[in-house]
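Read through the structure below, which is laid out as structure tokens, and then see the notes.
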Amino acid sequence: IIPSNFTRFGNDLVAISNSEFLVLSQSLQEKLRINHSFSSPMIKCSKYKALIFDSSGTKYMVTTKTKVLSSGNLDKKIIFGEISERDNIAFITESDKYCCELKVMDLYGNDKFHYYFAKMYVINASINDEGNKIAIHGIKSENGEIKSVIQIFDIKSESPVFSKEFDNMFFSINFF
């Protein structure tokens with residue numbers, strides 16, 4: 001088990017190794033075991049769904065606590081992923097012409113939102129329960145100084161609805 005790939009899934013527990021994804025109940029009874037072929041597996045959980053993705057790869061899978069809902073491949077390598085309580089997934093991916101990209105899609109791979117970051121690299125992202133707002137944390141260099149940037153996107157708007165730069169470095173961002 002990779003220490004960072006061991007987390008809560010609602011009231012249950014999930015773990016991921018280099019070859020398996022495992023959901024355990026509170027009494028440590030196995031609920032779901034899935035083999036995978038991800039080279040750098042990561043998991044992110046909402047209350048009822050888990051997103052398993054290949055960090056530095058293109059594959060992803062969405063499960064409940066008892067079955068696989070969907071799986072797919074993106075056209076760019078995944079940097080980070082998040083899943084909402086509803087049916088949206090947010091990915092930060094590499095980009096050919098930009099620093100990185102934000103891609104929001106539904107569970108079945110249908111595009112909902114896309115944004116290209118030209119001046120910063122996104123380190124972390126969080127999607128709200130409804131799946132319509134995404135908060136990102138990025139870093140950029142300005143006049144030789146590194147700045148932290150926090151932006152919030154609404155999938156109905158073409159650009160960020162909130163953006164602020166900070167001199168402090170942040171490590172994580174989450175919706176509450």
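The analysis underlying the following values was restricted to heavy atoms, covering all of them including side chains, and did not include hydrogens, waters or symmetry mates. Throughout, residue positions are numbered sequentially from 1 according to the sequence presented.
Within the 4.5 Å cutoff, no side-chain heavy atoms of Ile52 are placed close to those of Met42. Within the 4.5 Å cutoff, side-chain heavy atoms of Tyr115 are placed close to those of Pro160. Looking only at side-chain heavy atoms (C-beta outward), Lys59 and Ser37 come within less than 4.5 Å of each other. Phe9 has its side chain within reach of Val23: a pair of non-hydrogen atoms, C-beta onward, lies under 4.5 Å apart. The shortest distance between side-chain heavy atoms of Thr63 and Ile34 falls below 4.5 Å. Side-chain contact between Met169 and Ile146 is present, with heavy atoms from C-beta onward closer than 4.5 Å. The shortest distance between side-chain heavy atoms of Val104 and Asn132 does not fall below 4.5 Å.
For the pair Gly81 and Leu51, the tightest heavy-atom approach, listed with the atom from each and the gap, is C-CD2, 3.8 Å. Of all the heavy atoms in Phe113 and Ser157, the pair that sits closest is CE1-O, 3.0 Å. Across all their heavy atoms, Val14 and Cys45 have their closest contact at CG2-SG, 3.7 Å. The minimum heavy-atom distance linking Ile79 with Cys100 is given by the pair CD1-CB, 4.1 Å. Annotation for Ile136 and Met120: closest pair CD1-CE, 3.6 Å, computed over non-hydrogen atoms. Minimum heavy-atom separation, Ile89 to Val62: CD1-CG2, 3.6 Å.
Remark: Glu158 CD is loosely packed, at most 12 non-hydrogen atoms of other residues, nucleotides or ligands lying under 6.0 Å away. Within a 6.0 Å radius of OH in Tyr121, no more than 12 heavy atoms belonging to other residues, nucleotides or ligands are found.
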Check your understanding: Are His114 and Glu101 close enough, and set up right, to give a side chain to side chain donor-acceptor pair (under 3.5 Å), and what steps lead you there?
Key -> CA-CA 7 Å; His114 214 104; Glu101 300 175 19; 2.8 Å; yes
**Study point:** CA sep, side-chain torsions, deciding dist, call: Asp12, Leu24, side chain to side chain contact (heavy atoms under 4.5 Å, CB included)
**Key:** CA-CA 6 Å; Asp12 297 318; Leu24 299 171; over 6 Å; no
Practice item. Please step through side chain to side chain contact (heavy atoms under 4.5 Å, CB included) for the pair Phe21 and Ile43, ending with a clear verdict. Key: CA-CA 9 Å; Phe21 171 73; Ile43 50 175; 3.7 Å; yes
**Study point:** Evaluation steps, side chain to side chain contact (heavy atoms under 4.5 Å, CB included), between Val149 and Lys164
**Key:** CA-CA 6 Å; Val149 179; Lys164 185 161 174 92; over 6 Å; no
Point to revise | Verdict with reasoning, Gln151 to Val161, per side chain to side chain contact (heavy atoms under 4.5 Å, CB included) | key: CA-CA 7 Å; Gln151 292 183 328; Val161 294; over 6 Å; no
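A continuous path of ILVMFWY side-chain contacts below 4.5 Å connects Tyr108 to Ile78, so both sit in one hydrophobic cluster. When the side chains of ILVMFWY residues are joined at heavy-atom separations under 4.5 Å, either directly or via intervening members, Phe38 and Val68 end up in a single hydrophobic cluster.
We find the CD1-CG distance between Ile83 and Leu69 to be 8.0 Å, quoted to the nearest 0.5 Å. Between the CD atom of Glu82 and the CG atom of Asn128 there is a distance of 11.0 Å, given to the nearest 0.5 Å. Atom CD1 of residue Ile16 and atom CG of residue Asn18 lie 9.0 Å apart, to the nearest 0.5 angstrom. Separating the OH atom in Tyr116 from the CG atom in Asp96 is a distance of 9.5 Å, to the nearest 0.5 Å. Separation of atoms CD1 (Ile92) and CD1 (Ile123) is listed at 11.0 Å; rounding is to 0.5 Å. Taking CZ of Phe175 as the reference point, atom CD of Glu130 lies at 9.0 Å (rounded to 0.5 Å).
Panel note: side chain His137, backbone Asn174; no donor-acceptor pair is recorded below 3.5 Å. Panel note: side chain Lys49, backbone Arg86; a donor-acceptor pair is recorded below 3.5 Å. A donor-acceptor pair is defined here as one N or O able to donate and one able to accept, closer than 3.5 Å; no such pair exists between the side chain of Thr58 and the backbone of Asn73. Glu85 contributes a side-chain N or O that, together with a main-chain N or O of Lys47, makes up a donor-acceptor pair within less than 3.5 Å. Listed for the Ser95 side chain is no donor-acceptor partner under 3.5 Å among the backbone atoms of Cys99. Side-chain N or O atoms of Asp106 include one that pairs as donor or acceptor with a backbone N or O of Asn110 at under 3.5 Å. With hydrogens and angles disregarded, no donor-acceptor distance shorter than 3.5 Å links the side chain of Asp111 to the backbone of Met105. Panel note: side chain Ser25, backbone Gln29; a donor-acceptor pair is recorded below 3.5 Å. Put simply, the side chain of Ser148 gets close to the backbone of Asn168: a donor and an acceptor are under 3.5 Å apart. Side chain of Ser70 to backbone of Leu107: a donor-acceptor contact under 3.5 angstrom is found.
Ring geometry for Phe53 versus Phe91: interplanar angle over 60°, hence perpendicular rather than tilted (30 to 60°).
Between Phe153 and Phe117, the ring center distance clears the sub-6.0 Å criterion. For Phe170 and Phe166, the ring centers sit closer than 6.0 Å to each other.
By the salt bridge (Lys or Arg N to Asp or Glu O under 4.0 Å) test, Glu142 is found to be paired with Lys140, residues two or more places apart in sequence or in another chain being considered.
One finds no salt bridge joining Asp54 and Lys77 here, because no Lys/Arg side-chain nitrogen approaches an Asp/Glu carboxylate oxygen to under 4.0 Å. Classification of Asp167 and Lys147 as a salt-bridged pair holds, one side-chain N sitting under 4.0 Å from a carboxylate O. Remark: Asp154 engages Lys133 in a salt bridge, criterion side-chain N to carboxylate O under 4.0 Å.
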